[in-house]
Number of protein chains: 2
Amino acid sequence: MLPYEHFGYIGAMTDSPNDVTPDRLCKADALPPSDQHAQQYAAVRNAHETELLEDYVELIADLLEHQGEARSTDIAARMGVSQATVSKTVTRLKSLGLVSSKPYRSLFLTEKGEAMAAMSHQRHAIVLQFLRALGVSDRTARIDAEGMEHHVSQETLEIMQRYTREQGRRDA
Amino acid sequence: MLPYEHFGYIGAMTDSPNDVTPDRLCKADALPPSDQHAQQYAAVRNAHETELLEDYVELIADLLEHQGEARSTDIAARMGVSQATVSKTVTRLKSLGLVSSKPYRSLFLTEKGEAMAAMSHQRHAIVLQFLRALGVSDRTARIDAEGMEHHVSQETLEIMQRYTREQGRRDA
DNA sequence: TCTACAAGTTAACCTTGGCTAAAATACTGT
DNA sequence: ACAGTATTTTAGCCAAGGTTAACTTGTAGA
Ligand SMILES: [Mn+2]
Ligand SMILES: [Mn+2]
Ligand SMILES: [Mn+2]
Ligand SMILES: [Mn+2]
């Protein structure tokens with residue numbers, strides 16, 4: 001419960017409460033139309049349904065690449081979660097046709113699982129590199145990217161990618 | 001199930017698979033140390049615990065400000081969720097000391113609830129304005145901000161704020 | 001070989017956040 | 001005043017994601 005507290009609530013952001021307003025229309029910023037507002041929340045709920053699956057297949061792909069196999073002990077350690085939890089989630093991944101394995105053996109990705117892992121990995125990389133290009137420290141960028149990646153649309157991803165590229169050129 | 005699919009998986013990002021690598025060290029990008037990796041995921045799980053609460057208090061504050069009262073019908077409509085769901089979540093908000101209300105009456109925020117709403121609102125605004133400053137369309141920026149906001153650390157928030165400010169100055 | 005220990009699974013439990021259907025309460029117009 | 005409608009709550013259901021504890025399976029060393 002200690003290291004996660006850099007998303008500090010209390011005492012954070014109390015120094016500059018007004019310069020949040022670079023344009024004039026922020027005060028009493030009207031609510032969006034009800035149905036559009038509902039779609040925003042629906043998109044978030046939607047992302048939540050797949051986000052854990054994405055992290056799992058991404059991690060499994062990484063383990064397969066870097067250690068040759070993906071054992072559930074390693075997943076449990078890296079996820080910071082019990083082995084029982086991993087076992088149950090893997091059952092779900094299998095039932096969704098993303099992962100295959102024989103009991104008590106290493107995990108593998110199906111075609112579908114590899115496709116999802118590739119997508120997730122790419123998206124994760126784009127977000128992480130963008131944050132670093134912005135000037136965020138590596139440690140923080142990794143933490144933020146792990147959560148943000150699931151909520152970044154295609155449109156935003158492309159813009160992030162362009163920014164990172166141009167920022168790289170500026171450095172060179 | 002239609003409008004949320006701009007986080008498209010299939011067919012998305014297949015055009016430029018290689019330019020994700022502005023620096024050379026991306027191929028076989030080593031895994032972080034196990035404990036640090038676990039902390040990343042823990043931070044995300046942590047954010048998930050409060051994110052709905054934050055959205056609720058933020059919405060309640062907005063409704064109080066813009067319509068004078070916060071009825072659970074309105075919350076249900078704006079969240080795109082049933083009234084029963086709102087009722088149950090509100091019970092939880094009350095038990096956490098964030099919201100107060102008498103049965104069958106409008107909702108109000110406690111001191112604690114207002115503090116959380118103010119924080120959440122400010123953070124939400126920073127993320128939204130940052131995305132717009134980056135060049136993301138309003139519609140997409142609103143959707144992405146709704147999810148991203150809960151996963152942006154203090155450090156990143158400050159950098160976003162600076163970027164937005166400077167971007168505004170460049171426009172003027 | 002067989003015994004210990006590591007790795008994986010299963011069972012039983014919990015909380016959160018959804019849902020529908022039914023019941024209770026409040027409000028409004030005649 | 002009260003009938004009818006709108007709002008809110010409650011009850012009962014479900015899936016996801018977490019836990020611990022107990023059991024099973026695999027593997028490596030003496
Ligand atoms: Mn990821
Ligand atoms: Mn992630
Ligand atoms: Mn918000
Ligand atoms: Mn939100």
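What's counted below: heavy atoms across the whole structure, side chains too, no hydrogens, waters or symmetry copies. Chain A is the first sequence line, chain B the second, and so forth, proteins listed ahead of strands; every chain is numbered from 1.
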S.K.: Calculate the interatomic distance between Lys102(A) atom NZ and dT25(D) atom C1'; express it in whole Å.
M.R.: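 Answer to the nearest Å: 16 Å.
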
S.K.: Specify the separation, in whole Å, of atom NZ of Lys88(B) and atom P of dT10(D).
M.R.: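 After rounding, the reported distance stands at 12 Å.
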
S.K.: So, OP1 or OP2 of dG18(C): does either fall under 4.0 Å of a side-chain N or O from Thr85(B)?
M.R.: no

S.K.: Separation of Leu96(A) atom CG from dA15(D) atom P, in whole Å?
M.R.: 13 Å

S.K.: When you measure from the side-chain N and O atoms of Arg92(B) to the phosphate of dT16(C), is any distance below 4.0 Å, counting only OP1 and OP2?
M.R.: yes

S.K.: Answer with base, sugar-phosphate or nothing: what part of the nucleic acid does Ser72(B) contact at a heavy-atom distance below 4.0 Å?
M.R.: sugar-phosphate

S.K.: Reading DNA chain C from 5' onward, which residue's closest nucleotide shows up sooner: Val90(A) or Thr89(B)?
M.R.: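 Nearer the 5' end of the strand: Val90(A).
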
S.K.: Categorize Thr73(B) for me: base, sugar-phosphate, or nothing, with a 4.0 angstrom heavy-atom threshold over every strand shown.
M.R.: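 Sugar-phosphate only.
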
S.K.: Between atom CZ in Arg105(A) and atom C1' in dG8(C), what is the gap in whole Å?
M.R.: 11 Å

S.K.: In this structure, how many angstroms lie between the C1' atom of dA21(C) and the CD atom of Gln83(B), rounded?
M.R.: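 Taking CD of Gln83(B) and C1' of dA21(C), I get 13 Å after rounding.
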
S.K.: Look at all strands and tell whether Ser82(A) reaches a base, only sugar-phosphate, or nothing, counting heavy atoms closer than 4.0 Å.
M.R.: base

S.K.: Ring-plane angle category for His48(B) and His151(B), please: parallel below 30°, perpendicular beyond 60°, tilted otherwise.
M.R.: perpendicular

S.K.: Measure CD1/Ile75(A) against P/dG18(D) and give the value in whole Å, please.
M.R.: 13 Å

S.K.: In whole Å, what is the span from the CZ atom of Arg71(B) to the P atom of dA26(C)?
M.R.: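 It is 11 Å, rounded to the nearest whole Å.
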
S.K.: Would you please say whether a donor-acceptor pair under 3.5 Å links the side chains of Gln39(B) and Arg139(A)?
M.R.: yes

S.K.: Need to verify one output field. Residue with the more 5' nearest nucleotide on DNA chain C, Glu51(B) or Ser106(A)?
M.R.: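 Taking each residue's closest nucleotide, the earlier one in sequence belongs to Ser106(A).
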
